[in-house]
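Proteins come first, then strands; the chains are lettered A, B, ... in the order of their sequence lines, and each starts at number 1. Remember, it's a predicted structure, so these values are computed and weren't measured experimentally.
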Protein chains: 2
Amino acid sequence: MPTVAPQRSRKAQIDRTATAMFRARGFAATSMRELATELGLEAGSLYSHIKSKEEILHRVCFGLAEDFFAGFAAATAQGSAPIATQLRQAIEAHVRVLTRDSAASAVFLHEWRHLSEPARTEFLALRDRYEVAFRALIQRGMAQGELHAPDAVFAALTLLASLNWLPAWYRPDGKLTPDEIAHRLAEQLLSGLRRTEEPV
Amino acid sequence: MPTVAPQRSRKAQIDRTATAMFRARGFAATSMRELATELGLEAGSLYSHIKSKEEILHRVCFGLAEDFFAGFAAATAQGSAPIATQLRQAIEAHVRVLTRDSAASAVFLHEWRHLSEPARTEFLALRDRYEVAFRALIQRGMAQGELHAPDAVFAALTLLASLNWLPAWYRPDGKLTPDEIAHRLAEQLLSGLRRTEEPV
DNA sequence: TATACTTCCTAACGCTCGTTAGCAAAAAAA
DNA sequence: TTTTTTTGCTAACGAGCGTTAGGAAGTATA
């Protein structure tokens, strides 16, 4: 049962299909033979295009990491803007990456553990850097009195947690557009972070 | 390399060790031979105590589901209490289950997909019921003016998302006790939900 | 035309998987 | 003591795994 195959490079098709299957069944439970069948191929044929199964996972995980960093950098480009604004833009950028390819996002969030060393450690370092960036933004907001939270570490963790649950329930054909989702999420999360009843 | 084995029934030991490995490597990537080695056994010996690999996963997933429902029921037992109080107690109960056994919780949250039918569908129905219960509580709070949120569905999703990220970073030997964590989480989440500046 | 590249095939490699059968020793119960 | 239960072993089963080698078409380039 091959799915419809648009005129994309074979390698990109493989990545795309594999990502969907990794998301649905998990990396370890997805066999190269199943992946090949889904593409209308034999298993061996895959290796004319890729080097290994893990190579696909590697590309997905590190590719998305790049996207997240790029989004955050753009959102916080003008450091003179109010922290709440930068944070809102960072949230929206994060949601945009998550919704643009929710399958890849789910793989990024859950399947990285199947990377072998040293890729696994590298990946975790990247993820940590990203988390720290969010935390630092919140801390700066707290220092300037724009944000309030009992604990910046907590705030950053719960914030990212709320966002990262999105791929679990987001459907591209749902009622809300990604931008609307991003806006609502930012609104709800910030209304818990922003100092109450003060004009920003 | 057998771990220290307290005087617990062999079956419970197997469940416990398997849960830790399922959490660390994922269900599909954990082999019965590795599990046996971790317990100081040969692979075949496991089957004197269990029927199958999936049976372990089934017990973990459905056992924890029971715990979550019991906690929620207890938290909302006195329906006359303010909704905010009930919600806070439900959050604390949820966190208590998550922290009591964070390995089992992580398996519950991420490895259920490896249940085969019909268990998988049953599990998802349970999970959905739980989510609906939270949502209903929030909706009642909104109807009574105790809570405010742009969207009850969103609120329930982000709330549970924030909580369910806990097993990813919680360490039993950390600085904060489970109760302190529960309290802080509830505080931060409710301060985003509670109508601002009104005494409850 | 000849040459190279892309794409896919068949067949097989060594290995690991979950699980079972049959047996044996130790521990508990009678 | 005898009997039963618990616990564990060895050896093997059929199946599936990721991957490779070597070849053969089709397509683009020269």
Side-chain angles (χ1 to χ4, degrees), chain A residues 1-22 24-61 107 111-117 119-120, chain B residues 1-22 24-61 107 111-117 119-120:
Chain A
M1 303 94 211
T3 51
V4 281
Q7 63 284 33
R8 201 195 262 106
S9 90
R10 210 44 163 152
K11 186 170 175 176
Q13 276 182 51
I14 292 173
D15 278 7
R16 183 140 203 88
T17 305
T19 300
M21 298 181 75
F22 290 170
R25 318 177 191 200
F27 176 80
T30 301
S31 78
M32 297 304 274
R33 282 169 179 83
E34 287 173 323
L35 171 57
T37 300
E38 189 74 20
L39 287 157
L41 298 179
E42 294 300 317
S45 308
L46 293 169
Y47 290 84
S48 299
H49 307 278
I50 60 164
K51 287 204 293 287
S52 70
K53 184 185 180 186
E54 183 173 337
E55 187 208 23
I56 305 175
L57 181 63
H58 190 283
R59 241 195 321 275
V60 173
C61 288
V107 171
E111 304 300 326
W112 56 265
R113 69 178 71 237
H114 297 290
L115 291 168
S116 54
E117 297 295 350
R120 189 185 148 118
Chain B
M1 305 92 212
T3 50
V4 281
Q7 63 284 35
R8 199 194 264 107
S9 90
R10 210 47 164 149
K11 186 169 175 177
Q13 277 182 51
I14 293 173
D15 278 7
R16 183 141 203 87
T17 305
T19 300
M21 298 181 75
F22 290 169
R25 319 177 190 200
F27 176 80
T30 301
S31 78
M32 297 304 274
R33 283 170 179 82
E34 288 173 322
L35 171 57
T37 300
E38 189 74 19
L39 286 158
L41 298 178
E42 293 302 315
S45 309
L46 293 169
Y47 289 84
S48 299
H49 307 277
I50 60 165
K51 287 204 294 286
S52 70
K53 185 185 180 186
E54 183 173 339
E55 189 209 21
I56 305 175
L57 180 64
H58 190 283
R59 243 195 319 276
V60 173
C61 288
V107 171
E111 304 300 325
W112 55 265
R113 67 179 72 236
H114 293 106
L115 291 168
S116 54
E117 297 296 350
R120 188 184 148 117

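D:dG18 atom C1' lies 14 Å from atom CD of A:Glu55, rounded to whole Å. One can place CD of A:Glu34 at 13 Å from C1' of D:dG18, the figure rounded to the nearest angstrom.
One finds a side-chain N or O of B:Ser45 lying less than 4.0 angstrom from the OP1 or OP2 phosphate oxygen of D:dC9. Phosphate proximity of C:dT20 to B:Tyr47: absent, as no side-chain N or O sits under 4.0 Å from OP1 or OP2. At D:dT19, none of the side-chain N or O atoms of A:Arg33 fall inside 4.0 Å of OP1 or OP2 (strictly under the cut-off). Under 4.0 angstrom from either OP1 or OP2 of C:dT7 there lies at least one side-chain N or O belonging to A:His49.
Contacts of B:His114 classified as side-chain hydrogen bond (donor to acceptor under 3.5 Å, both in side chains), with partners at least two apart in sequence or in another chain: B:Glu111. Scored by the side chain to side chain contact (heavy atoms under 4.5 Å, CB included) test, A:Glu42 finds A:Ser45 as partners (sequence neighbours excluded).
With D:dG18, C:dT7, D:dC9 as the candidates, the nucleotide lying closest to the side chain of B:Leu41 is D:dC9. With D:dG8, C:dG18, D:dT19 as the candidates, the nucleotide lying closest to the side chain of B:Ser31 is C:dG18.
Across the interface with DNA chain C, nearest-nucleotide mapping of A:Lys11 and B:Lys53 shows A:Lys11 to be the residue nearer the 5′ end. Nearer to the 5' terminus of DNA chain D, by closest-nucleotide assignment, is the contact made by A:Ala43 (compared with the other of A:Ser48 and A:Ala43).
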In sequence, state the C-alpha distance, the side-chain angles, and the governing distance for A:Arg25 and B:Arg113, and then conclude on side-chain contact (heavy atoms from CB on, under 4.5 Å). CA-CA 7 Å; A:Arg25 318 177 191 200; B:Arg113 67 179 72 236; over 6 Å; no

